[in-house]
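All values reported here derive from a predicted model rather than from experimental measurement. Because only heavy atoms are used, hydrogens play no part in the values below, and waters and symmetry mates are left out as well, while side chains stay in. Start at 1 and go down the list; that is how both ligands and their atoms are numbered.
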Amino acid sequence: MRKKIAAANWKMNLTLQQGEQLLTDILLKPHDLKAHQQALFAVPFPYLPMAVNKLAGKNNVFVAAQNCSNKKSGAYTGEVSVEILQSVGIEYVVLGHSERREYFNESNQLLAEKLDICLANNMKPIFCCGEPLAIREANTQNEFVAKQLAESLYHLSAAQLQEIVIAYEPIWAIGTGKTATSAQAQEIHAFIRAELAAKYGAAIADSISILYGGSVKASNAVELFSQPDVDGGLVGGASLIVDEFVAIINALP
Ligand code: 13P
């Protein structure tokens, strides 16, 4: 069975103290993660050791970075490498979030390089894709997402691809309160899986978790996650609210 994942993306929010309190409060609430379910917290770089310590020994709960460098090491001031992340116990990294693509000019090619350095070093990427509003309005989202997948992923081997989690996040639904309908999410998730199947075969495509992101909240998580090709969510705003995120974890099928 594919992994079902509730992933929190704190983005550039919370102080260290607030973040620690949030994790404390979430851990106090009952959630019973089954073997095929995971909760994941993508926190700001300086909070990674705190989160790793806090969540140590918790089954199926992981900490992720929100980005990493495409370079191994060296004179890249302000950057954080895969090796640095691993030295503080990190196994997952979010790559290619639309905010990084938009504000920090991350291209499909750069993301291909970041994927390569992660996969060469056993760091598991959560690779984000998704279209802006104008593309959705022109109804060309499938072509847009297919290009993102092709240019960043298709040089990978099947074994490498299987290490990746994909997050589909339509930019028009991020932080806007406007969620894709469960039918819209299912349609494009099925498209993404079909594209992967055409390139890598159905068995590989079926094994890859595809998360939905964009205004996921407690009130829509069950409906979204009940779609056959939606394997959980990458959650921004609602992941900062204890009861919301706990409910989203508990909405995993
Ligand atoms: P929101 O849940 O705040 O819309 O953010 C989604 C997102 O970008 C998660 O990475």
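- Heavy-atom distances between A238 and ligand 1 stay at or above 4.0 Å for every pair.
- Residue G175 has at least one heavy-atom neighbour below 4.0 Å for each of these atoms of ligand 1: 1 (P), 3 (O), 4 (O).
- Between the side chains of Q141 and N139, at least one donor N or O sits under 3.5 Å from an acceptor N or O.
- By the criterion of a heavy-atom distance under 4.0 Å, the backbone of A173, and not its side chain, is placed next to ligand 1.
- Residue, atom and distance of the protein heavy atom nearest to atom 3 (O) of ligand 1 are G237 N, 2.8 Å.
- Checked by atom type, the side-chain pair K114/N67 shows a donor-acceptor distance below 3.5 Å.
- Counted by atom type alone, E169 and H97 present one or more donor-acceptor pairs between their side chains at under 3.5 Å.
- Residues T179 and V216 form no side-chain contact, since every pair of their non-hydrogen atoms from C-beta on lies 4.5 Å or further apart.
- Contact atoms of ligand 1 toward L234: 9 (C), 10 (O) (distance under 4.0 Å to a heavy atom of the residue).
- Ligand 1 lies nowhere less than 4.0 angstrom from a heavy atom belonging to A42.
- Using a 4.0 Å cut-off between heavy atoms, N9 contacts ligand 1 through its side chain alone, with no backbone atom that close.
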Inset, instruction - Step by step, work out the salt bridge (charged side-chain N to carboxylate O under 4.0 Å, His left out) result for E131 and R136. - result: CA-CA 7 Å; E131 80 287 353; R136 174 61 66 159; 2.9 Å; yes
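- Here is the list of ligand 1 atoms found below 4.0 Å of a heavy atom in S215: 1 (P), 2 (O), 4 (O).
- Numbered from 1 in the order shown, with element, the atoms of ligand 1 that lie under 4.0 Å from a heavy atom of G214 read 4 (O), 6 (C).
- Counted by atom type alone, Y200 and E195 present zero donor-acceptor pairs between their side chains at under 3.5 Å.
- Side-chain atoms of Q148 and N108 include no donor-acceptor pair closer than 3.5 Å.
- In this structure, the protein non-hydrogen atom closest to atom 2 (O) of ligand 1 is G236 N, 2.9 Å.
- Among E244, K11, E169, the residue whose heavy atom lies closest to atom 5 (O) of ligand 1 is K11.
- Residue contacts with ligand 1: G213 is placed with no nitrogen or oxygen under 3.5 Å of a nitrogen or oxygen of the ligand (distance criterion only).
- The side-chain heavy atoms of L153 and I166, taken from C-beta on, include a pair separated by under 4.5 Å.
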